[in-house]
Q: 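Sharing a structure with you now.
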Protein chains: 2
Amino acid sequence: MAKKVNINDKKTGMPKDEYLSDVADLFKMFSDSTRVKIMFALMDKELCVMDISSLLNMTQSAISHQLKILKSANLVSNRREGKTIYYMLSDDHVKSIIAQGLDHILE
Amino acid sequence: MAKKVNINDKKTGMPKDEYLSDVADLFKMFSDSTRVKIMFALMDKELCVMDISSLLNMTQSAISHQLKILKSANLVSNRREGKTIYYMLSDDHVKSIIAQGLDHILE
DNA sequence: TGAACATATGAACAATTATTCATATAATGT
DNA sequence: ACATTATATGAATAATTGTTCATATGTTCA
């Protein structure tokens, strides 16, 4: 039988503060339209920084800053190929979270 | 045959800016731990403002402000019963979004 | 080695935001 | 009408955050 980890607080019955804070931090990554656009663009294929900045019509610096934030949250990863650095989603969850968001607003 | 609404931009092939901004705005509602806690608490049952503030150990005012924000995003609704106002989730999407967030961080 | 290109980074700034405090609104019971 | 209880709201404040600008780092090729 699989071990069941208890994430709930004994008093409130809710998940411990830490977990719900982590949930909020996760969604914070999706709460900025630039980041959402970046992640959406990466759903199909990997892209380099310049690709993304011209696709979104934003400066290389702005994109680079946001990519760093997404990477620190482990939502994107990258690989270098010569001078170019390609970014990709690091997790299928990203796709389904965005899909669910679109679902909700289009309902 | 159902009518297919095109939400994509012709140039980029991505959903139009407006939609991805709306997605970001939706997730912004889930990007604050107080709001996440409130919505989690409302998953089971409706609660009045005082219930929520004592459950989360926060002031009535802070909770009231956040409830207003959630209501303006149509994520919660309320009903009055005498002096008391009960809040509830207005949408099953809320549950599944939070569940998916928890899923991701617990994986 | 040096020029050219791709990306990263730090500081600064404006804008947004969550909470607090004080007070207002609304409903109830006496 | 008045005191009490429940909730809402406006202003103020501190903290966080996204973008810009200037510059640094790292890679390639001649």
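Every chain is numbered from 1, with letters handed out A, B, ... down the list of sequences. As the structure is a computational prediction, the values presented were derived from the model and not from experiment.
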Q: Counting only side-chain N and O atoms of B/K68, is one of them less than 4.0 Å from OP1 or OP2 of D/dT9?
A: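 Affirmative; the distance criterion is met.
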Q: Does A/R80 place a side-chain N or O at less than 4.0 Å from the phosphate oxygens OP1/OP2 of C/dT7?
A: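 Checking A/R80 against C/dT7: no side-chain N or O falls below 4.0 Å of OP1 or OP2.
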Q: Expressed as a whole number of angstroms, how long is the span from B/D32:CG to D/dT17:P?
A: 11 Å
Q: So which nucleotide from C/dT17, D/dT17, C/dT7 ends up closest to the side chain of A/K28?
A: D/dT17
Q: To the nearest Å, give me how far apart CG (B/N78) and P (D/dA6) are.
A: 17 Å
Q: Map A/A62 and B/Y87 onto DNA chain D by nearest heavy atom, then report which one ends up closer to the 5' terminus.
A: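 Checking each residue's closest nucleotide, the 5'-ward one belongs to B/Y87.
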Q: Which nucleotide wins on minimum distance to the side chain of B/Q66, given the candidates C/dA6, D/dC21, C/dA18?
A: C/dA18
Q: If every non-hydrogen atom of B/L56 is compared with every non-hydrogen atom of B/T34, which pair is closest and at what distance?
A: CD1-O, 4.1 Å
Q: Can you check whether A/H65 stacks with the C/dT9 base, using ring centres under 5.5 Å and planes within 30°?
A: yes
Q: Tell me the interatomic distance from B/I85, atom CD1, to C/dA27, atom P, rounded to whole angstroms.
A: 9 Å
Q: Hydrophobic cluster membership, with links at side-chain heavy-atom distances under 4.5 Å among I/L/V/M/F/W/Y: are A/L67 and A/M58 in one?
A: yes
Q: Under 4.0 Å between a side-chain N/O of B/T59 and OP1 or OP2 of C/dT19, yes or no?
A: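 No, B/T59 has no side-chain N/O under 4.0 Å of OP1/OP2 on C/dT19.
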Q: In whole angstroms, how far is the P atom of D/dG18 from the CG atom of A/L70?
A: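 So the two atoms are 10 Å apart, to the nearest Å.
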Q: In this structure, how many angstroms lie between the P atom of D/dG18 and the CG atom of A/L56, rounded?
A: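 Going from CG in A/L56 over to P in D/dG18 covers 15 Å.
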Q: Give a yes or no on whether A/M50 atom CE has more than 12 heavy-atom contacts from other residues, nucleotides or ligands under 6.0 Å away.
A: no
Q: Using side-chain contact (heavy atoms from CB on, under 4.5 Å), reason through A/I63 and A/I38 one step at a time and then give a plain yes or no.
A: CA-CA 8 Å; A/I63 300 299; A/I38 290 174; 4.3 Å; yes
Q: Measure from the side chain of B/S64, starting at C-beta and using heavy atoms only, and say which of C/dT20, D/dT7, C/dA6 lies closest.
A: D/dT7
Q: To the nearest angstrom, how far is A/L47 atom CG from C/dA6 atom C1'?
A: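 So the CG-C1' distance, A/L47 to C/dA6, works out to 15 Å.
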Q: With distance as the sole criterion, do the side chain of B/Q60 and the base of D/dA6 form a donor-acceptor contact below 3.5 Å?
A: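 Donor-acceptor pair under 3.5 Å: no.
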Q: Angle, rounded to 10°, between the helical axes spanning five pairs at each terminus of the helix from C/dT1-D/dA30 to C/dT30-D/dA1?
A: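 Roughly 20°, once rounded to the nearest ten degrees.
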Q: Quick one: closest heavy-atom pair of B/R35 and B/M29, and the distance?
A: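 It is NE-O, 3.0 Å.
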Q: In whole angstroms, how far is the P atom of C/dT7 from the CD1 atom of A/I63?
A: 11 Å
Q: Can you measure B/R35 atom CZ to C/dT17 atom P for me and round it to whole angstrom units?
A: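 That distance rounds to 8 Å.
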Q: Which heavy-atom pair separates A/S96 from B/Q100 by the least distance, and what is that distance?
A: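 Minimum heavy-atom contact is OG-NE2, 3.0 Å.
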Q: Could you give me the CA-CA distance, side-chain angles and deciding distance for A/L26 and A/H93, then say whether side-chain contact (heavy atoms from CB on, under 4.5 Å) is met?
A: CA-CA 11 Å; A/L26 171 66; A/H93 272 152; over 6 Å; no
Q: Would you mind listing every ring-ring contact (aromatic ring centres under 6.0 Å, His included) that reaches into residues 12-33 of chain B, with sequence neighbours excluded?
A: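 Checked against ring-ring contact (aromatic ring centres under 6.0 Å, His included) - neighbours excluded - the pairs reaching residues 12-33 of chain B are A/F27-B/F27, A/F27-B/F30, A/F30-B/F27.
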Q: Which nucleotide in the set D/dT9, C/dT7, C/dT9 lies at the smallest distance from any side-chain heavy atom of A/S61?
A: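 Minimum distance to the A/S61 side chain belongs to C/dT9.
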